[in-house]
2 protein chains.
Amino acid sequence: MAVTIRDIAKQADVSVATVSRAINSATRNQVREETRRKIFEIIKKCNYSPDQTARSLSTRRTKVLGLCMPSRASAFSSDYFTGIIIGAIESARKLGYELKIVLLSETTKGLDVSEVSKPSAIDGALLVGTRIHDELIAVFENSDIPWILVNNYPENKEKTNFVDCDNEKGAYNVVNYLLGKGHRKIAFIKGPEDSRNANDRFAGYTKALKKNGIKPDKLLIKTGNFTEKEGYLAVHDLLSDHNDITAIFCADDEMAVGALQAVKDKGLSCPEDISIIGFDDIRLSRYVDPPLTTVRQPIYEIGKIAAQMLIYVVEGKLTAPVSKILQTELVERNSCAPAAQK
Amino acid sequence: MAVTIRDIAKQADVSVATVSRAINSATRNQVREETRRKIFEIIKKCNYSPDQTARSLSTRRTKVLGLCMPSRASAFSSDYFTGIIIGAIESARKLGYELKIVLLSETTKGLDVSEVSKPSAIDGALLVGTRIHDELIAVFENSDIPWILVNNYPENKEKTNFVDCDNEKGAYNVVNYLLGKGHRKIAFIKGPEDSRNANDRFAGYTKALKKNGIKPDKLLIKTGNFTEKEGYLAVHDLLSDHNDITAIFCADDEMAVGALQAVKDKGLSCPEDISIIGFDDIRLSRYVDPPLTTVRQPIYEIGKIAAQMLIYVVEGKLTAPVSKILQTELVERNSCAPAAQK
DNA sequence: CTGAAAGCGCTTACAG
DNA sequence: CTGAAAGCGCTTACAG
């Protein structure tokens, strides 16, 4: 930008201070109507726009939020990624903020001065990724910018900002739903061990089973690490060893898609022989055959609320810790049927 | 950051200039080994990290790229969005840059000083969206930051930076492929009029037909605006009026997915009665029934190369205009069969 | 190899 | 309602 506030001031025959006051909404009314008009005329003529960097340096506010996530971006499905980003960016925008995507290196321990991936020049950070581990959080604890956990929550819920959905309850509901259809042999395909979400979903499964007098059977529990491929493998194994399973609950849709294929490859059909249910409601789930019954997470909402809350704490309109837990919704499609008699 | 370069300087008993030199790779070797070591020791101890905003103000470089796209984000499928972002962010990162996502308001004409969506504090802009129109481009023309068109190209190719894939050729190949399978009545479902990509794909269709002595038949051409729903509608109409069509080429996969459903709903089957082919190779395309034959655009590569090129021109390592056209790839799945005898 | 000083383009007490 | 001045935290000629 060749044209600076000085140029405007000179042309308007006022001081830069006055131009600055005229420009900023908080101080706008401190300048005489007429002066302000003159200033804006010149601003328009010169196509002037204040330098955000200079502004930031002087106010110590960048008006940008960092959406920080693991660099293994592949860890997220694009539906998830997009949902969070769009949600966050839209509410940020509404509140006058921009959004920077920052990839965190997994080895973020001793951050070096030259460490590029270190979030810089942001007013607050959205920490995305259910597998965000404590060291990573520590990096932010030692910073002086506010941050909020997205789709995750900390050990000590009372001290941290977060927004998440109720994974345990979502999973609990699934099992009840399956139980209601007469299923008793319900297998579970777990997500990764280090994912809070994955563990909560598993907890919901176990809880619902126990509540109904069914002892969770270790042999019916496998791990699929949230990927389609591993989901396929897990179910393939499962069905090779057990022929009395009537339903499979996968901790995410990716695995459920794999499960579906594994069931077909075993010569069984879904939902007639085996019911399958997923979690997340990714776009794909409604297109597979049969369309997948699953649990919807309000991803977009989560991104939106997280950004909003974060900005409020950045601006002191809300005092940390703040948190919100959103509810999930069971969406019935065609991959579940009443338990067959075996 | 409570600790500044002054604190470090004071503790190291040197000037801030020296600290600055020690920190920056370009000037690092201007400071005595021993001094530098002492400085870094203190930096580490104090957990100091330079303020990027101050740095930017003084160097007039923010080290951030803006990925600018229409605010109707829904215009993009999440696969596309994610591909471009991840591609761009990874190469940006490798080169020491961060990525800011900026939503451009569609009404970006007279940008007001307070206009939030105006890209600010960026060194360069990636303009994403095949529907980017000239007014939008004008906003950037008048700025002094470099920009590059992604998946789009300008009227005057000789004057602008862009990276795109060869849509016309991709479409041309599709038609040849279909022709090779004996199809003669090949319908085309167009994308939006104001999309350069869409028009190029259409041009490729027409060209291939003509080249083979077939006159494009207006009655076999419909518009679907790149959405599944409109694709469905277009094909539904098409099949109601014509029963001699043996193949449908959709200008994107979204429409192809809709087309597939329309064909089924008409009691026809794909590929036995009608072959369908899409464009883009979104994730979904391999999961529909039958899996869709389509044209792959190297989205991730496009994002990667675009960011790379942009940074090079920002840094003066490349002089604008720069451009690159990537090739597409026909990926055969099961939605096309030899033309049935009618 | 190092330091003093000017400057990047704003904002904001302070004084009037 | 307005201006002069200090300050935000860096970098970089300039001089030695």
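Each chain gets a letter, A, B and so on, in the order its sequence line appears, and its residues count up from 1. None of the values given here were measured: they were computed from a predicted structure.
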Between [N] atom [atom2] and [X] atom [atom1], what is the distance in whole Å?
X: A:Arg55; N: D:dC8; atom1: CZ; atom2: C1'; result: 15 Å
X: A:Arg32; N: D:dG3; atom1: CZ; atom2: C1'; result: 14 Å
X: B:Arg60; N: C:dG7; atom1: CZ; atom2: C1'; result: 11 Å
X: A:Asn24; N: C:dG9; atom1: CG; atom2: P; result: 17 Å
X: B:Lys38; N: C:dC1; atom1: NZ; atom2: P; result: 15 Å
X: B:Gln30; N: D:dA13; atom1: CD; atom2: P; result: 10 Å
X: A:Arg61; N: C:dC10; atom1: CZ; atom2: P; result: 20 Å
X: A:Lys10; N: D:dG3; atom1: NZ; atom2: P; result: 14 Å

Inset, instruction - Would you state whether a donor and an acceptor, one from the side chain of B:Arg21 and one from the base of C:dG3, lie under 3.5 Å apart? - result: yes
Inset, instruction - Considering just the side-chain nitrogens and oxygens of B:Ser58, establish if one lies under 4.0 Å of OP1 or OP2 belonging to C:dG7. - result: no
Inset, instruction - Respond yes when some side-chain nitrogen or oxygen of A:Tyr48 is under 4.0 Å from OP1 or OP2 of C:dG9, and no when none is. - result: no
Inset, instruction - With heavy atoms under 4.0 Å as the rule, sort B:Ser20 into base, sugar-phosphate or nothing. - result: base
Inset, instruction - Give B:Asp7 one of three labels, base, sugar-phosphate or nothing, depending on what nucleic acid heavy atoms sit under 4.0 Å from its own. - result: nothing
Legend entry - Residue closer to the 5' end of DNA chain C, B:Leu57 versus B:Asn29 (nearest nucleotide): B:Asn29
Inset, instruction - For B:Ser15 and for A:Thr53, find the nucleotide of DNA chain C with the closest heavy atom, then tell me which residue's nucleotide is more 5'. - result: B:Ser15
Legend entry - Nucleotide opposite C:dA4 in a Watson-Crick or G-U pair, distances under 3.5 Å: none
Inset, instruction - Provide the Watson-Crick or G-U wobble partner of D:dA13, both distances under 3.5 Å; none if there is no partner. - result: none
Inset, instruction - Verify the distance criterion only: is there a donor paired with an acceptor across the side chains of A:Gln297 and A:Tyr80 at less than 3.5 Å? - result: no
Inset, instruction - Identify the heavy atoms of A:Ile302 and A:Val150 that sit nearest to each other, and give their distance. - result: CG2-CG1, 3.7 Å
Inset, instruction - Identify the two heavy atoms, one from B:Phe162 and one from B:Pro154, that lie closest to each other, and give their separation to 0.1 Å. - result: CD2-CD, 3.8 Å
Of the options [options], whose atoms approach the side-chain atoms of [X] most closely?
X: A:Ile5; options: C:dG7, C:dC10, C:dT2; answer: C:dC10
X: B:Thr35; options: D:dT11, C:dC1, C:dG9; answer: C:dC1
X: B:Ala17; options: D:dG9, C:dT2, D:dT12; answer: D:dT12
X: A:Val31; options: D:dT2, C:dT12, D:dG9; answer: D:dT2
X: B:Val14; options: C:dG9, C:dG3, D:dT2; answer: C:dG3

Legend entry - Pairwise C1' distance for D:dG16 and D:dT12, with rounding to whole Å: 16 Å
Inset, instruction - Please step through side chain to side chain contact (heavy atoms under 4.5 Å, CB included) for the pair B:Leu149 and B:Val163, ending with a clear verdict. - result: CA-CA 6 Å; B:Leu149 254 24; B:Val163 14; over 6 Å; no
Legend entry - A:Lys324 atom NZ, neighbour heavy-atom count above 12 within 6.0 Å: no
Legend entry - Any donor-acceptor N/O pair, A:Ser20 side chain to A:Val16 backbone, under 3.5 Å: no
